[in-house]
Engineer: 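Mind having a look at this structure? Questions to follow.
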Amino acid sequence: VGSACGRRRYTRRVWNCGSVRPLPRIIAFIPSITATISVTNFATNGENLLPRLFQEGAQFAPATRYILISISLFCAIAIAVLWARRRSVLDQWLLIVALSLFTELVFVALSAGRFTLGTYANRAFSLVTSTIVLAVFLGETTKLYGRLASSNRMLRREQNSKLMNLEAMSASISHEVRQPLAAIVSNGSAALRFLDRALPNLQEVRSALTRLLSDSNRVEQVFNSLRALFGKSDQGKNLINVNEIALEALRIFRDDLRSHRIITRTHLTSELLPVMGNRGQLQEVILNLVHNAIQAMVGVEADLRVLQVKTQLDDESIVLIVEGSGPGIDPTKMNSIFDTFVTTKRDGMGLGLAICRTIVERHAGKIFVTSAHPHGCLFHVVLPIGTPGLRKAENEFERSPSE
Amino acid sequence: MMSTQPQEQAIVFIIDDDEGLREGIAALFRSVGLQAKLFASAPEFLRAKLPDIPSCLVLDVRLPGLSGLEFQSDLAKSNIQIPIVFMTGHGDIPMSVRAMKAGAVEFLTKPFRDQDMLDAVQLAIDQDRRRRRDESATHQLKASFDTLSARERQIMSLVVSGLMNKQIAGKVGLTEVTVKLHRGNVMRKMGAKSVAALVRMADILGVRRETA
């Protein structure tokens, strides 16, 4: 029944179509038929009027030579340029494409004319080469994309582990401190309760207070050992290019910057001299500043999120500036922002900038913040160029050839 | 100050690998007249001979060897029912949820307020005391039940099934007077003042009821 219904509907539709506009269709045929007739008439009777190219199938058009020469010239230049730079896999493949095109042109130039065996052989050759090139190119692209994706994953992992290290460190510090703190609270309140008794038990009060003091010393020990820990990692100092670690920090946060739709601008001076320092620690400083800037810009309108990283040479020192267009810092907090446990974040520990200051001061530098206009703030890291010891070594090196 | 007045002797067991903290908490308990016994690890606690009085366990989540949470489940598996108050150096919420679900009395973050710790321990000891009272009642009931003769047990199960003396007599083939005698013995030996009390005892003991 269903199919019968369908058929009935179909017939009706055909009938409707035919009945609605029969006239325009017929009219539309007339000019096309006329055109066909006149073209056919022209081709058969007016053969002499046709261009030479149409009359002699095997001949090239006169302009072909110039076109061939100019394309071959272009090809040759491209091959030369590509051969000279040959930087990436892409360059190599472009080279092969240019070569195959060049060979094809040579074939065309050598062939006797159009529609000869040579022409068809040339066509076949170019088809095969372009298919092969395309296939290999696709394969190469896929492989490169795969490599890109995996390196992206690695970057993300690296970034996570850096941030996690800091979190793990603060968690273990807090655990180490909570332990003696709990003991201090227990001993202190025990002492008070023993004192509050109708007959105070002074013996117990004394021993509770003695334990309390030794627990307080333990807290201090925790921080002493922390300092020792920092001291250890302090030793590996090298000459470091600040531009390099700034770019690396941006690279590590590349995905974050993109996902937060932050425009990144860099103004890195080319005349930057290296500084003497611990690469990992200085890296940590820049990472922290960039991370803070990203977090500060979360609440800002997407079009206004701009992160600027600048380096410049200033007298005897190198200045690195990280500027974010976040809401800026409350002027009353401007001076205390680098203190430990001072934070403007809702869930911050107030450790990041304090660690930054410790590291920068350890490198005989300074770190400070200024307000940006119309909003946001600039963090300046000022580091001295090299060290006195290093400069002496350089001088000696300069002197030795003259002696 | 009800919490600081122990009704009878009780003891708190403290397991923490930090000696300073152990001593501090012990002093806090002593200051309110609570006895405390200290252990550096879970195995040390298991090896010790423990007094059979109301008690509770103050346990650090992070212990050398097995964690506090693992120890909690181990105790539950070996049917050692001691209320546990947990302490932790990290305010770890998932961990505290797990501990509370597994029956912990309280989960305290170091450093804790002294009163919080004392309240938690008092609550735990009260819980243990209640459990012990229930257990000893059951124990007494069992002892009484053991003194019944086979005939008396049979009569008891018929009585708690709700049968009249006459029906019982018919069922077991005794005279009604003899049944009455046995029934009196059951009530006396079990210390039951009414049939309702006897039914409750039978429930606790798990005496099978005869269906009429």
Side-chain angles (χ1 to χ4, degrees), chain A residues 164-226 341 346-351, chain B residues 1-6 12 14-36 38 40 58-64 67-68 85-96 106-122:
Chain A
M164 241 150 66
N165 276 345
L166 209 97
E167 262 165 47
M169 200 179 80
S170 51
S172 71
I173 295 173
S174 81
H175 179 257
E176 286 302 310
V177 177
R178 276 165 193 272
Q179 203 71 15
L181 215 54
I184 289 171
V185 170
S186 303
N187 279 314
S189 44
L192 276 180
R193 280 168 199 272
F194 279 124
L195 271 179
D196 285 346
R197 283 184 175 182
L199 251 169
N201 186 338
L202 291 181
Q203 188 63 39
E204 283 277 18
V205 172
R206 174 174 293 277
S207 65
L209 289 179
T210 313
R211 280 193 303 269
L212 189 148
L213 283 179
S214 86
D215 286 323
S216 315
N217 285 335
R218 273 170 63 205
V219 179
E220 203 197 332
Q221 266 169 30
V222 169
F223 290 108
N224 281 342
S225 58
L226 257 181
F341 305 127
R346 204 159 46 84
D347 51 355
M349 284 269 296
L351 272 181
Chain B
M1 290 297 263
M2 192 205 80
S3 66
T4 55
Q5 294 293 321
V12 184
I14 304 167
I15 308 182
D16 195 308
D17 56 330
D18 186 325
E19 197 196 337
L21 185 60
R22 280 203 306 268
E23 297 287 344
I25 302 173
L28 179 62
F29 291 148
R30 273 204 308 281
S31 71
V32 294
L34 258 174
Q35 216 183 325
L38 314 181
V58 174
L59 186 60
D60 189 24
V61 168
R62 198 191 255 186
L63 287 174
S67 80
V85 175
F86 271 109
M87 305 179 287
T88 176
H90 318 269
D92 191 343
I93 292 168
M95 220 186 235
S96 60
E106 186 62 275
F107 198 95
L108 299 170
T109 306
K110 296 174 189 172
F112 35 79
R113 278 183 52 227
D114 55 340
Q115 196 58 52
D116 287 346
M117 173 58 94
L118 292 175
D119 288 349
V121 162
Q122 200 56 53

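Each chain gets a letter, A, B and so on, in the order its sequence line appears, and its residues count up from 1. Values below: all heavy atoms of this structure, side chains included; hydrogens, waters and symmetry mates excluded. Not measured: the values here are computed from a predicted model.
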Engineer: Check the surroundings of atom CZ in A/R197: do more than 12 heavy atoms from other residues, nucleotides or ligands lie under 6.0 Å from it?
Structural biologist: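 Result for CZ/A/R197: enclosed.
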Engineer: Using side chain to side chain contact (heavy atoms under 4.5 Å, CB included) as the criterion, list what pairs up with A/A191, not counting sequence neighbours.
Structural biologist: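 Scan of A/A191 (side chain to side chain contact (heavy atoms under 4.5 Å, CB included), adjacent residues dropped) gives A/V205, A/A208, A/L209.
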Engineer: Pick one of side chain, backbone, both or neither for B/R22, based on which atoms fall under 4.5 Å of a heavy atom in chain A.
Structural biologist: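 Neither part.
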Engineer: Let me see the working for A/N201 and B/R30 under side chain to side chain contact (heavy atoms under 4.5 Å, CB included), right down to the final yes or no.
Structural biologist: CA-CA 11 Å; A/N201 186 338; B/R30 273 204 308 281; over 6 Å; no
Engineer: Let me confirm one number: the OG1-CD distance from A/T210 to B/E23, rounded to the nearest 0.5 Å.
Structural biologist: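 So the gap between those two atoms works out to 12.0 Å.
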Engineer: Is A/Q179 in contact with chain B via its backbone, its side chain, both, or neither, using a 4.5 Å heavy-atom distance?
Structural biologist: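 Contact with chain B involves both backbone and side-chain atoms of A/Q179.
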Engineer: Between B/A27 and A/R211, which heavy-atom pair has the shortest distance, and what is it?
Structural biologist: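 So the two residues come closest at CB-NH2, 3.0 Å.
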Engineer: If you tally heavy-atom pairs under 4.5 Å against chain A, which of B/I25, B/L21, B/L108 wins?
Structural biologist: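 That would be B/L21.
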Engineer: Would you please go through residues 180-189 of chain A and name the residues with a non-hydrogen atom below 4.5 Å from one of chain B, in numerical order?
Structural biologist: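 Answer by number: A/L181, A/A182, A/A183, A/V185, A/S186, A/N187, A/S189.
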Engineer: Might you point out which heavy atoms bring B/K110 and A/R178 nearest each other, and give the distance in Å?
Structural biologist: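 So the minimum-distance heavy-atom pair works out to O-NH1, 2.8 Å.
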